[in-house]
Amino acid sequence: MWRPVWASRSARWSSYLAGTRKSPRKPRREALEHEVRKSWQSRVRKRARRQAAAGGITVELRGRFGYFSAAGSTDDPRMRRLTQHLPPDYAARLLEAQDAGASDRELRGIVAEGLQEVYYKDSGNRAQGLEVELLDIDFFDASF
C-alpha cells in the first residue's frame, strides 16, 4: 500500500511519543550524552571556581594530624574530625594545584597549611610556632 512520505515520518514520530520506539538510537544517544556532560561539567567547574575565588572553600575531613612546635614535636599524631572554612586564597591555591596535576601529598599540604592558619593558629592570634602536618585522611569533603 502506498503512503505519502510525510505519513511514514509522522508514524515514526508517533512511535517515539508513544514510547514504543527507543529514542535516539544507542550510539547517537551516547554521543549526545557525552557532549552534554562535557559542556555541563565545564560550566559547573567554572561556577565552582568563581564561588571559591569569591568566598573560599569549606572542608570537612577526618584525618591524622601531626604537630610540630618551637619546643619540639609531639610524637603522638591525633585523629581529628574538622569542618572549617578556608579563605579564598587557599581555595585558589588548592584548585590551581589540582589543575596542574599536583600529587595527593601536595594537595594535603595546602589543606594542612590552611587549617594550620585558620583553625590552629586562629589567623595569627595563638600558637605562633606551631606547624601542622596532615598525615592520613579517612574522609574528605569540600564544598564551595
* To do: Determine the minimum heavy-atom distance between A54 and P88, stating which atoms define it.
  => O-CG, 3.9 Å

* Asked: Taking E106 for the side chain and S103 for the main chain, is one N or O donor matched with an acceptor at less than 3.5 Å?
  -> yes

* Can you find a heavy atom in the side chain of S143 that is under 4.5 Å from one in the side chain of I57? -> no

* Asked: Heavy atoms, side chains only, cut-off 4.5 Å: are T58 and L86 in contact?
  -> no

* Between CG of D136 and CE of M79, what distance do you get to the nearest 0.5 Å? -> 6.0 Å

* With side chains defined as the heavy atoms from C-beta onward, is the minimum distance between L95 and Q98 less than 4.5 Å? -> yes

* Structure fact -> Rounding to 0.5 Å, atoms CZ (F65) and CD (Q116) come to a distance of 10.5 Å

* To do: Please round to the nearest 0.5 Å and tell me the distance separating atom CZ of F140 and atom CG of L107.
  => 8.5 Å

* Where do E60 and R81 land on the salt bridge (Lys or Arg N to Asp or Glu O under 4.0 Å) test, with the steps shown first? -> CA-CA 7 Å; E60 180 179 358; R81 183 176 181 140; 2.5 Å; yes

* Rounded to the nearest 0.5 Å, how far apart are CD1 of I110 and CZ of R105? -> 13.5 Å

* Stepwise salt bridge (Lys or Arg N to Asp or Glu O under 4.0 Å) test for R93 and D89 -> CA-CA 6 Å; R93 283 182 49 203; D89 54 336; over 6 Å; no

* To do: To the nearest 0.5 angstrom, please state how far the CZ atom of R80 sits from the OH atom of Y119.
  => 5.0 Å

* Side-chain contact test, heavy atoms from C-beta onward, threshold under 4.5 Å: evaluate it for E133 versus L135 and give yes or no. => yes

* Step through the shown structure and confirm whether more than 12 heavy atoms of other residues, nucleotides or ligands are within 6.0 Å of CZ on R126. => yes

* Asked: Got a second to check how far E117's CD is from L130's CG, nearest 0.5 Å?
  -> 9.5 Å

* Asked: Testing D141, D138, L115 for side chain to side chain contact (heavy atoms under 4.5 Å, CB included) with L61, which one passes?
  -> L115

* To do: Give a yes or no answer on whether the side chain of H85 reaches the backbone of G55 with a donor-acceptor pair at less than 3.5 Å.
  => yes

